[in-house]
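Before any comments, here is the structure.
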Amino acid sequence: MDLKKEELLLKIWEEEKRHISDPNNKPKYFITAAFPYPNSPQHIGHARTYTLTDIYARFYRLLGYNVLFPMGFHVTGTPIVTMAEKIKEKDESLLKVFENIYGIPKEVYEKLTDPFDLVMFFSKEIEEGMKRMGYSIDWRRKFYTSDPHFQRFIEWQFQKLYKKGLIVKGTHPVAFSLKLNSSVGAHDTKGDIDPEITEYTGVLFETPIGYLVTATLRPETLYGITNIWIRKDETYKVIEYQGKKLIVGNWDILKHQLPGAKEVGQISGEELLKLEAEVPITGKRVPIYHGDFVDPKEGTGIVMSVPGHSLWDYYEYSKISKEPYPVIIKIEDKESKAEDYFKSHGADPKKLQELNEEFYHLEFTKGFHVPLNAPVKEARELVKEKLKEKDSFITLYKISNGPVYSRAGDEVIVKVIENQWFIDYGNPEWKKKAKELLKQMKIIPEEMRSRFENTIDWLKKKAATRTRGLGTKFPFDKSQIIESLSDSTVYMAFYTFAHKITSYNPEQLTEEFFDYIFYGTGEPIDDLHKELRQMFDYYYGLDARHSGVDLVTNHLTFFIFNHAVLFPHKPPKAIVVNGSVLMEGKKMSKSLGNIIPLKKAIQQYTADVLRLTVAASTEIIMDANFSESTAKGVKERLEFYEKAFLNSEDGEKDDLDEWLEKKVQHYATLAYDHYRNYEIRKVTNLLFYELYKDLQWYMQRTNKRNFKNIAKIWATYLAPIVPFTTDYIYRELFNESVFDQTLPVFTQATFHHEEEFLRDLIEDIKQLLRFKKGKKLYIGIAKPWKFDVYKRLEKRDPIKTIIEEEPRAKELIKKLKNKAYTLTFPYERESLIRYLERHKAFIEKELGLKVEIGEEKEKYALPDKPELLIE
RNA sequence: GCAGGGGUAGCCAAGUCAGGUCAAAGGCGCCAGGCUUAGGACCUGGUCCCGUAGUGGGUUCGUGGGUUCAAAUCCCACCCCCUGCACCA
């Protein structure tokens with residue numbers, strides 16, 4: 001199979017309109033894969049999910065289903081916008097990726113400074129690649145999520161969720177760049193670092209002029225406070241927040257985390273030193289000291305001092321005070337003291353930070369909180385609750401893996417967004433419905449199910465809107481845009497009528513309009529409207545959703561949630577999850593530069609070879625390893641089949657032909673079940689690798705090439721995986737398309753074991769000939785009683801009885817060891833001898849020996865291993 | 001921390017759910033031979049250890065125990081590795 005033949009077939013399929021689907025009276029099968037985000041060309045990794053989807057689309061067509069396999073493009077979110085901006089800014093690292101990895105010339109990408117130009121450019125690339133791979137997609141139904149008709153559909157979705165009380169409003173911390181004036185994800189930072197947010201407890205200490213705020217990860221230690229650290233050379237702000245006066249440093253950052261807080265004055269550190277502060281909960285009054293080590297840009301610039309349980313505090317405290325301090329945590333009934341830990345670990349002040357972290361971890365995992373009589377883990381939560389009761393804490397945030405810099409160059413901070421809209425996946429009723437739906441669904445592979453269950457459990461409110469990026473405007477606040485994972489949860493329903501709905505003006509697509517289509521409520525506005533409903537009704541209930549394993553904990557779970565409440569009458573039936581693709585054993589990445597663009601790979605290997613290598617060379621959940629050598633191997637083997645089958649004859653049949661035909665039927669029978677169990681590797685194992693050995697043997701045995709019958713079965717069974725090669729062979733041999741056939745199903749799955757016996761025998765003799773040369777070979781078949789013993793063993797007659805009735809069996813069974821318990825033995829003595837006699841000429845020719853067949857002369861023969869005597 | 005996945009010969013990797021044809025498929029690498037002017041490709045054989053005119057013996061599947069006539073596979077404990085934890089597609 002070469003590229004030209006593949007391209008010719010693509011044209012033929014196109015002309016024959018093979019992949020468009022409309023409602024008819026056949027049973028339908030609606031299959032989809034997660035649509036691509038067009039911000040890069042496709043590489044062979046992307047091809048995995050789509051190829052698997054296509055394999056099943058084609059498989060179900062061969063079973064007689066009316067299969068719909070559509071595709072669209074996800075044009076939502078910020079990465080595309082950011083990319084366009086980076087092109088405009090001539091961002092060097094991006095330009096390098098374009099040139100070196102994607103192989104896009106400068107003149108082309110330079111112009112892509114508008115996000116939509118980028119989208120069109122890449123989506124065209126991707127579409128061409130998908131077509132070239134032979135994906136049997138109904139392209140009439142293609143849409144972009146930026147299409148106004150689709151956006152009306154998303155508005156419908158959010159109206160519905162809102163009315164069900166599943167859209168809620170609240171505040172939410174995000175990583176934020178002041179320079180970009182936008183929240184930032186990994187793609188907005190230098191070095192693509194994903195900013196991580198940790199929550200701090202801001203504890204409020206009352207003083208006569210307001211509350212001092214300290215930020216801590218260990219609120220439980222406030223039982224051990226001796227003093228407060230500040231810096232005397234710093235100026236602190238007095239702010240008003242939720243009716244209280246608070247004193248904080250680092251205000252430039254913190255003001256973004258305390259919505260509504262107002263600066264009302266300031267106070268110098270020197271002034272603060274004169275005050276005393278009251279520790280909440282305990283009511284203890286503590287002094288305020290200056291500490292050089294206090295970083296005014298860290299937290300609130302005010303630190304609570306717990307010398308008993310912080311190495312820093314101990315170290316600083318011991319410099320200025322000899323007073324004893326409280327120790328409130330025990331480990332295994334012994335006081336856990338920062339001082340002891342420090343001293344027993346070298347007492348090196350340079351290692352203070354490192355040791356302190358170890359010590360924190362130790363106390364957190366093993367410590368026991370004495371005042372609260374609880375493990376530290378629990379005490380922390382208890383303290384938080386108490387603080388909440390006393391109204392003595394505020395929540396603060398920090399970038400924990402910082403400093404992270406935005407691509408504009410400023411340090412990323414945490415900002416608390418007010419009026420943030422959420423989809424409330426934490427809603428217990430909704431969780432319940434999602435779980436019920438999950439229970440009804442088939443999850444492939446089944447091991448993935450628990451992951452879905454867990455995800456449903458821990459999913460909480462999800463921010464559903466953003467201020468920046470492409471997408472549909474949020475219906476309840478038009479200044480916001482629906483976030484991209486939230487607008488792609490039920491879009492599969494849109495495919496069912498995507499090519500027809502464009503006849504309407506977007507304004508006509510009201511909530512009632514969609515209600516009619518999806519629920520049949522209200523009246524149709526015209527005949528087309530009626531037709532849309534019929535199409536939805538015919539196709540929906542998605543039969544299979546294919547996706548990569550990385551989408552399980554997000555997209556696929558949202559998919560379940562949303563279907564559970566929006567389409568409870570048309571539930572999806574199955575989710576099929578596949579692993580990713582490795583490149584020569586390594587993860588593909590831009591930095592490694594080991595990404596092969598799909599188009600380039602097709603030119604090098606052909607679509608069929610890629611399909612088999614990427615999608616069918618390993619089981620569905622495993623990562624497929626793409627390597628040049630495997631791809632080459634696949635290519636050669638495919639060519640072998642093509643050549644062999646195209647040279648088929650239609651001659652007279654003999655033992656050997658019958659054996660081969662039955663063998664292929666046997667493989668087909670097994671392969672059918674493997675397909676249904678999504679065990680594609682097993683399909684190719686049989687029909688691609690095992691059969692190869694059988695064909696080799698056949699060709700060794702005879703010069704005949706009676707392959708027509710097996711080519712027919714072979715092509716039909718492998719057509720889903722390698723559609724080009726199989727259809728080409730089928731058309732050449734039988735003058736029709738393999739895709740007009742129905743998959744032949746065989747019930748009788750036995751084959752001629754005698755032939756296998758002969759094959760093994762030749763193997764054994766060849767082994768023996770390496771030690772011993774001669775001119776004559778005597779093949780001594782085991783005596784009848786030995787065959788009887790084997791037969792009885794196969795029937796699982798008790799070994800004891802067999803030996804009782806045939807004492808000679810004892811030795812025989814002893815030799816077999818464990819095998820005696822599981823023996824399978826499909827041979828009959830008489831027919832075996834007849835078969836060998838019939839093919840004696842072949843054995844003689846093959847070995848260059850004179851052969852005689854008879855009963856064993858010595859007593860070494862076993863029924864499956866004849867005695868071999870060379871003279 | 002919480003959740004999930006995994007440790008199999010030099011490497012990759014099947015086998016584990018349903019214990020026994022498992023010294024353990026397949027591939028790569030390596031060794032020997034064939035083919036070839038040579039290299040590559042291809043073909044044949046070998047590749048845990050010992051033995052060998054064949055069908056044998058020993059020791060292996062992260063570690064340590066257990067169940068069983070029988071364990072890579074079942075049970076228990078331990079060690080190690082990887083992934084996800086969100087507003088990001």
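Residue numbers begin at 1 in each chain, while the letters A, B, ... track the order of the sequences.
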Seminar exercise, completed: Paired to B:A18 by Watson-Crick or G-U wobble criteria (both distances under 3.5 Å) is none
Problem set entry | Partners meeting ring pair (Phe, Tyr, Trp, His ring centres under 6.0 Å) with A:F368 (sequence neighbours left out) | none
For this session: Provide the distance between the two C1' atoms, one in B:G26 and one in B:G19, to the nearest whole Å.
Result: 24 Å
Exercise. What nucleotide, of B:C43, B:C87, B:A89, holds the atom closest to the side chain of A:H172?
Worked result: B:C87
Problem set entry | Output field: ring centroids A:Y641/A:F688 closer than 6.0 Å | yes
For this session: State which residues pass ring pair (Phe, Tyr, Trp, His ring centres under 6.0 Å) with A:F73; sequence neighbours excluded, sorted by chain then number.
Result: A:Y144
Exercise. Taking any strand in view, what nucleotide pairs with B:G84 in a Watson-Crick or G-U wobble way, both distances under 3.5 Å?
Worked result: B:C2
Problem set entry | side-chain hydrogen bond (donor to acceptor under 3.5 Å, both in side chains) involving A:E363 - partner list, sequence neighbours excluded | A:R218, A:H309, A:S336
Exercise. Checking A:T684 side chain against A:R681 main chain: does a donor-acceptor pair fall under 3.5 Å?
Worked result: yes
Seminar exercise, completed: Checking B:A86, B:A89, B:C42 against the side chain of A:E636 (C-beta onward), the nearest is B:C42
Problem set entry | Separation of atom CG in A:L869 from atom P in B:G54, rounded to whole Å | 12 Å
Problem set entry | Touch class at under 4.0 angstrom, heavy-atom based, for A:I765 against every strand present | nothing
Exercise. Expressed as a whole number of Å, how far does the P atom of B:A72 sit from that of B:U16?
Worked result: 14 Å
Exercise. OP1 or OP2 of B:G27 sitting under 4.0 Å from any side-chain N/O of A:T630?
Worked result: no
Exercise. How long is the line joining CD1 of A:I481 and P of B:A89, in whole Å?
Worked result: 11 Å
Exercise. In the strands shown, is B:C30 matched to any nucleotide by a Watson-Crick or G-U wobble pair with both distances under 3.5 Å, and which?
Worked result: B:G46
Problem set entry | Sequence-distant partners of A:E628, side-chain hydrogen bond (donor to acceptor under 3.5 Å, both in side chains), two or more places apart | none
Problem set entry | Rounded interatomic separation in angstrom, taking NZ from A:K415 and C1' from B:C87 | 16 Å
Exercise. Within this structure, what is the CG-to-P distance between A:L582 and B:C28, rounded to whole angstrom?
Worked result: 18 Å
Seminar exercise, completed: Whole-Å distance, A:E363 CD to B:G1 C1', equals 17 Å
Exercise. To the nearest angstrom, how far is A:K632 atom NZ from B:G27 atom C1'?
Worked result: 15 Å
Seminar exercise, completed: RNA chain B nearest-nucleotide lookup for A:T78 and A:K693: closer to the 5′ end is A:K693
Problem set entry | Pair partner, B:A77 [Watson-Crick or wobble, under 3.5 Å] | B:U63
Seminar exercise, completed: Of A:E690 and A:P866, the one whose closest nucleotide on RNA chain B sits nearer the 5' end is A:E690
Exercise. Within the pair A:S183 and B:C88, is there a side-chain N or O less than 4.0 Å away from OP1 or OP2?
Worked result: yes
Exercise. Per the salt bridge (Lys or Arg N to Asp or Glu O under 4.0 Å) rule, which among A:E446, A:E453, A:E447 passes with A:R449?
Worked result: A:E446
Problem set entry | Interatomic distance at C1', B:A24 relative to B:A38, whole Å | 40 Å
Exercise. Nearest to the side chain of A:K460 - B:A86, B:A89, B:C87?
Worked result: B:A86
For this session: Give the C-alpha distance, both sets of side-chain angles, the deciding distance and a yes or no for side chain to side chain donor-acceptor pair (under 3.5 Å) between A:T76 and A:R466.
Result: CA-CA 11 Å; A:T76 310; A:R466 296 203 68 170; over 6 Å; no
Exercise. Which parts of nucleotides 3-19 of chain B does protein reach within less than 4.0 Å, heavy atoms only, written one letter per nucleotide 5' to 3' as B for base, S for sugar-phosphate only and - for none?
Worked result: SS---------S-----
Exercise. At under 4.0 Å between heavy atoms, what does A:L862 touch on the DNA or RNA strands: base, sugar-phosphate, or nothing?
Worked result: base
Problem set entry | Spacing between A:Q480 atom CD and B:C87 atom P, to the nearest angstrom | 16 Å
For this session: Ignoring the backbone of A:K462, work out which of B:C87, B:G54, B:U55 is nearest its side chain.
Result: B:C87
For this session: Counting Watson-Crick and G-U wobble pairs only, both distances under 3.5 Å, name the nucleotide matched with B:C35, or none.
Result: none
Problem set entry | Base-pairing mate for B:U68 - Watson-Crick or G-U, with both contacts under 3.5 Å | none
Exercise. Listed by chain and number, what are the ring pair (Phe, Tyr, Trp, His ring centres under 6.0 Å) partners of A:H256, not counting sequence neighbours?
Worked result: none
Exercise. So does A:R637 get a side-chain nitrogen or oxygen closer than 4.0 Å to the phosphate oxygens (OP1/OP2) of B:C42?
Worked result: no
